[in-house]
Amino acid sequence: MKVIKVAASVLKVNDTIALENQAAFRDNNVFVVNVMGSPGAGKTSLLLRTIEALKDNIRIGVIEGDIATSHDAELIQATGVPVVQINTEGACHLDAMMIKMALTHFNLAEIDLLFIENVGNLVCPAGFRLGENARVVVSSVPEGDDKPKKYPGMFRIADGVVLNKIDLLHAFEFNINTFKEDVRRAGELPIFEVSCKTKDGLSVWLDWLGVKKK
Ligand code: MG
Ligand code: ZN
């Protein structure tokens with residue numbers, strides 16, 4: 001009997017294209033951050049705050065991944081930075097080929113920092129390398145403190161975790177120590193406790209980004 005392992009070969013093709021993307025980023029000196037997390041965790045809000053803080057000093061670009069709509073891309077576009085929207089039309093993650101196609105719409109020589117906002121999902125985006133330099137998971141207080149426990153794969157591959165909406169800690173049964181312990185079980189990751197609404201904690205995140213970029 002012939003058994004075809006589709007997932008493995010798909011991932012192999014993806015990794016090859018991811019390496020091509022990586023080479024293009026390296027050649028143009030672009031630092032690339034893949035931002036992942038559940039729908040509603042605040043990925044776009046984090047990007048908006050980050051752009052607001054950095055755009056006068058760093059040339060930023062954004063690739064927005066969503067199943068449908070250009071809602072988030074419009075929010076980013078209003079900041080004045082170049083943005084390309086990818087509509088996956090059902091696919092629950094971005095892959096390296098989608099990024100390669102999106103890159104044809106950018107002049108990489110004019111970008112220092114590129115954010116890729118992945119499709120809201122805590123599972124399969126973790127399995128698809130895009131050619132990025134850093135992978136960040138955005139989690140948020142209303143989602144509950146159990147996400148690192150229930151989706152360890154996502155946290156295991158991450159380089160950093162942003163815990164958003166800490167201004168809501170008083171309103172939810174969210175044990176921040178449990179959350180941190182479970183993240184640390186996945187790896188020695190920096191955890192940034194922020195509120196994109198009040199701007200609390202954002203400076204620590206921005207500092208880390210600056211250090212990583214160097
Ligand atoms: Mg979004
Ligand atoms: Zn998927």
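Order of appearance sets the numbers: ligands from 1, and atoms from 1 within every ligand.
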Contact flag Thr44/the Mg ion (ligand 1), N/O/S atoms, threshold under 2.8 Å: yes

Carboxylate-amine/guanidinium contact Lys55 Glu52, below 4.0 Å: no

The Mg ion (ligand 1): angle it makes with OD2 (Asp72) and OE2 (Glu117), nearest 10 degrees: 120°

Carboxylate-amine/guanidinium contact Asp112 Arg59, below 4.0 Å: yes

N-O pairing of Arg185 and Asp182 below 4.0 Å: yes

Minimum-distance N/O/S atom that His93 presents toward the Zn ion (ligand 2): ND1

Check: Ser140/Glu143 side-chain N/O donor and acceptor closer than 3.5 Å: yes

